[in-house]
Amino acid sequence: MQRLSGLDASFLYLETPAQVLHVCGLLTLDGSTMPGGYDFERFKEKLAERVELIPAFRRKLHNPLWNLTHPVWVEDEDFDLEAHVHRIGVPAPGDRRELADLCAHIAGQRLDRAQPLWQLYVIEGLADGGIAVLLKMHHASVDGVGGASLITYLAGLEPDAPPPEIARDERHNGGVPGRRALLGAGLTSFAKRPAEVVKLLPDLLGLVPKWLGKALQGKGMPVPFTAPRTSFNGTITAHRSVAYTSLDLDEVKQIKNAFGVTVNDVVLAVVSGALRRFLLDRGELPEDPLVATVPVSVHERTERDHGSNKVSAFFASLPTHLEDPAARVFMLAESNRQSKDHHHDIHADMLQDWAQFSAATMFGLAVRAYSALRLAERHPVVHNLVVSNVPGPPMPLYLLGCRITGLYPLGPVFHGAGLNVTVLSNAGRVDVGLLGARELTGDLWPLADHFPDALEELLKATS
């Protein structure tokens with residue numbers, strides 16, 4: 001029985017029609033590299049070969065009334081690829097704005113929980129003659145690293161690369177568990193919870209004063225509820241705005257080497273510079289630095305092998321208030337060092353362990369009340385936005401025969417933080433995906449266009 005972890009399930013419980021919690025990947029492709037030239041039907045045939053081998057694409061939720069804990073994944077015996085793959089055309093003239101608007105519309109729609117939680121849209125009619133693919137998967141099924149890995153399963157190093165080799169016994173999900181087995185497992189889980197809480201409490205009680213002490217002394221990450229308010233810190237709706245851009249990885253590394261910092265420091269410095277210009281243009285640049293939530297993969301540190309989401313997070317201070325780009329880099333390098341040290345005080349599995357006690361009804365009622373009462377606008381800002389940095393493929397990949405020319409991740413937004421910036425390295429490039437709550441962020445192309453400017457600003461500061 002493959003049960004969702006509490007962290008996986010929390011993405012289901014916290015979802016509403018406005019706060020949709022799936023992740024998307026926009027891939028731009030060169031269809032001319034496909035052997036024999038691009039053809040949608042052959043593209044779909046190649047996809048079907050791989051979906052048959054990869055169980056994550058064929059599993060669906062099973063959550064009957066007698067299930068007393070988190071849902072389980074089961075094989076969809078009636079799986080139909082036609083229900084998940086869609087061929088659509090981008091409106092004329094088919095440039096980046098039309099493509100992004102189409103993706104924003106799709107990103108704002110919930111996935112059907114009666115089906116495996118993913119959809120793939122093949123988008124034709126682009127002005128440059130290429131094609132695009134938008135892959136949408138629920139966060140309950142994948143985290144950022146897991147999503148990137150699934151894309152590599154669909155891709156290859158050559159246009160005619162064969163499907164991945166997956167052992168026969170790993171190609172299928174479990175079947176539907178019997179009522180007695182499901183009920184028994186739920187009762188056992190409930191019986192163990194008091195002991196599990198007692199086991200976890202000492203670590204939490206010991207951590208809180210230590211963690212708060214560092215934060216209040218300015219020796220760690222920013223304290224929640226201390227972020228300055230911006231226009232994208234409010235109650236969100238289901239309407240989305242999307243934009244994207246791409247940077248040269250060698251230039252990012254050149255800046256890294258010149259300042260003696262990390263690639264992640266430079267990425268956050270570029271994000272800070274772009275946000276500074278964006279907020280200045282809107283006449284709302286705060287006097288204090290912005291606060292970003294930065295998800296962190298714990299795949300290499302976790303002691304748990306259960307669940308799809310193996311992630312933690314820390315708060316990062318983005319020095320948008322500083323005019324000097326070099327000063328922003330040095331401040332980020334120091335604050336990131338402190339934040340990471342501070343974050344490592346927290347056990348890699350603490351978030352996953354406590355998430356096991358998440359309750360569907362309580363979480364659902366709470367997030368709906370939070371939205372209806374517009375509480376995000378009534379209390380101090382927890383954080384301004386989410387910024388993710390996901391490692392991607394270092395070499396060129398071919399998706400079902402088509403060369404991937406751009407790989408733009410689009411993460412979810414939340415009430416109170418209506419902007420998500422996700423960065424992914426891709427074959428010598430740094431691809432940036434921007435997704436926002438449209439009523440709060442408005443058009444995101446001005447922000448996307450500030451990213452190359454922010455990078456150039458940093459390059460000039462190295463000379």
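Taking the six-membered ring for Trp, Trp445 and Phe278 have ring centres at least 6.0 Å apart. In this structure, Trp118 has its ring center no closer than 6.0 Å to that of His138.
Salt-bridge formation is detected for the pair Glu377/Arg374: a Lys NZ or Arg NE/NH1/NH2 atom is positioned less than 4.0 Å from an Asp or Glu carboxylate oxygen. The existence of a salt bridge linking Arg42 and Asp160 is excluded, since no basic side-chain nitrogen approaches an acidic carboxylate oxygen closer than 4.0 Å. A salt bridge does not link Glu41 to Lys46: none of the charged side-chain nitrogens sits closer than 4.0 Å to a carboxylate oxygen.
At a cut-off of 3.5 Å, with distance as the only test, a side-chain donor of Arg282 or Ser231 sits close to an acceptor on the other residue. Checking Asp281 against His450 by side-chain atom types alone, a donor-acceptor pair falls below 3.5 Å. Looking at Asp8 and Ser10, their side chains never bring a donor and an acceptor atom within 3.5 Å of each other. Side-chain contact check for Thr230 and Glu284: no donor-acceptor pair (N or O, by modelled atom type) lies under 3.5 Å. Between the side chains of Ser246 and Arg429, at least one donor-acceptor pair of N or O atoms lies under 3.5 Å. Defined by atom type and a distance below 3.5 Å, a donor-acceptor pair is missing between the side-chain atoms of Tyr121 and His84. With 3.5 Å as the limit, one finds a donor-acceptor pair spanning the side chains of Asp265 and Thr262.
Taking the side chain as every heavy atom from C-beta outward, Phe11 and Tyr13 never approach each other to under 4.5 Å. Side-chain contact between His22 and Leu111 is present, with heavy atoms from C-beta onward closer than 4.5 Å. Looking at heavy atoms from C-beta onward, Val23 lies in side-chain contact with Val142 at the 4.5 angstrom threshold. Under the 4.5 Å side-chain criterion, counting only non-hydrogen atoms from C-beta, Arg50 is in contact with Pro164. When side chains are defined from C-beta on, Arg59 does not count as touching Val74, because their heavy atoms never get closer than 4.5 Å. Taking the side chain as every heavy atom from C-beta outward, Phe451 and Leu247 approach each other to under 4.5 Å. Annotation: side chain of Thr422 is not in contact with side chain of Leu424 (no heavy-atom distance under 4.5 Å). Between Glu124 and Ile88 there is no side-chain heavy-atom pair separated by less than 4.5 Å.
How far OG of Ser141 is from CZ of Phe57: 8.5 Å, rounded to the nearest 0.5 Å. Separating the CG atom in Leu61 from the CG atom in Leu12 is a distance of 5.5 Å, to the nearest 0.5 Å. Remark: Leu135 CG to Ile106 CD1 distance equals 11.5 Å, nearest 0.5 Å. Separating the CG atom in Asp431 from the OG atom in Ser425 is a distance of 9.0 Å, to the nearest 0.5 Å. Interatomic distance, CG of Leu397 versus CG of Leu29, reported as 11.0 Å (0.5 Å rounding). Taking CG of Leu134 as the reference point, atom CD of Gln119 lies at 10.5 Å (rounded to 0.5 Å).
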> For Glu49 and Lys44, what are the C-alpha separation, side-chain angles and deciding distance, and is it a salt bridge (Lys or Arg N to Asp or Glu O under 4.0 Å)?
Replying inline: CA-CA 9 Å; Glu49 290 177 3; Lys44 192 165 64 172; over 6 Å; no
> Arg240 and Val20: side chain to side chain contact (heavy atoms under 4.5 Å, CB included), yes or no, with the steps?
Replying inline: CA-CA 10 Å; Arg240 298 289 177 263; Val20 288; 3.7 Å; yes
>> Let's go through Lys60 and Asp78 carefully: what are the C-alpha distance in whole Å and the side-chain angles of both, what is the deciding distance for salt bridge (Lys or Arg N to Asp or Glu O under 4.0 Å) to 0.1 Å, and is it a yes or a no?
In response: CA-CA 11 Å; Lys60 67 177 183 178; Asp78 299 318; 5.5 Å; no
>> Would Leu81 and Val51 count as a side chain to side chain contact (heavy atoms under 4.5 Å, CB included) here? Give the steps.
In response: CA-CA 9 Å; Leu81 188 66; Val51 166; 4.3 Å; yes
>> Using the rule given for side chain to side chain contact (heavy atoms under 4.5 Å, CB included), can you reason through Asn173 versus Gln2, listing the C-alpha separation, both sets of side-chain angles and the distance that settles it, and then say yes or no?
In response: CA-CA 8 Å; Asn173 303 286; Gln2 187 183 2; 4.0 Å; yes
> What do the steps show when you test Lys136 against Asp112 for salt bridge (Lys or Arg N to Asp or Glu O under 4.0 Å), and what is the final call?
Replying inline: CA-CA 12 Å; Lys136 181 164 72 169; Asp112 181 0; over 6 Å; no
>> I'd like to know whether Asp453 forms a side chain to side chain contact (heavy atoms under 4.5 Å, CB included) with Glu457, so could you lay out the CA-CA distance, the side-chain angles of the two residues, the decisive distance to 0.1 Å, and finally the verdict.
In response: CA-CA 6 Å; Asp453 297 335; Glu457 187 179 44; over 6 Å; no
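A donor-acceptor contact shorter than 3.5 Å is absent between the side chain of Ser371 and the backbone of Val367. Using a distance-only test at 3.5 Å, with no hydrogens or angles considered, a donor-acceptor pair links the side chain of Arg58 to the main chain of Arg171. Looking only at distances, no side-chain donor or acceptor of Thr16 sits under 3.5 Å from a matching main-chain atom of Arg368.
Here the closest non-hydrogen pair linking Leu318 and Ser272 is CB-OG, 3.5 Å. In this structure, Glu439 and His239 approach most closely via the heavy-atom pair OE2-ND1, 2.5 Å. Between Pro446 and Asp443 the shortest heavy-atom distance is CD-O, 3.4 Å. Smallest separation of non-hydrogen atoms from Ala448 and Ala243: CB-CB, 3.9 Å. When all heavy atoms are compared, the tightest approach of Met331 to Pro289 is CE-CG, 4.5 Å. Nearest heavy-atom pair across Val133 and Leu120 is CG1-CG, 3.8 Å.
A cation-pi arrangement is absent between Arg3 and Trp73, since the terminal nitrogen or guanidinium carbon is not both under 6.0 Å from the aromatic centre and inside a 45° cone about the axis.
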Under 3.5 Å donor-acceptor pairs involving side-chain atoms of residues 381-396, not counting sequence neighbours:
unit_1 : atom_1 : unit_2 : atom_2 : d
His383 : ND1    : Thr293 : OG1    : 2.6
Asn384 : OD1    : Val291 : N      : 2.7
Asn384 : ND2    : Pro228 : O      : 2.5
Asn384 : ND2    : Asn233 : OD1    : 2.9
Asn389 : ND2    : Asn264 : OD1    : 3.1

Extract all donor-acceptor atom pairs below 3.5 Å that involve side chains of residues 249-257 and protein atoms in other chains or at least two apart in sequence.
unit_1 : atom_1 : unit_2 : atom_2 : d
Asn257 : ND2    : Lys253 : O      : 3.2

Show the atom names and distances, to 0.1 Å, of all donor-acceptor pairs under 3.5 Å that link a side chain in residues 398-416 to residues at least two apart or in another chain.
unit_1 : atom_1 : unit_2 : atom_2 : d
Thr405 : OG1    : Thr28  : O      : 3.0
Thr405 : OG1    : Thr28  : OG1    : 2.9
His415 : ND1    : Ile236 : N      : 3.2

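Around atom CZ of Phe79, more than 12 heavy atoms belonging to other residues, nucleotides or ligands sit under 6.0 Å away. Within a 6.0 Å sphere centred on NE2 of His86, heavy atoms belonging to other residues, nucleotides or ligands number more than 12.
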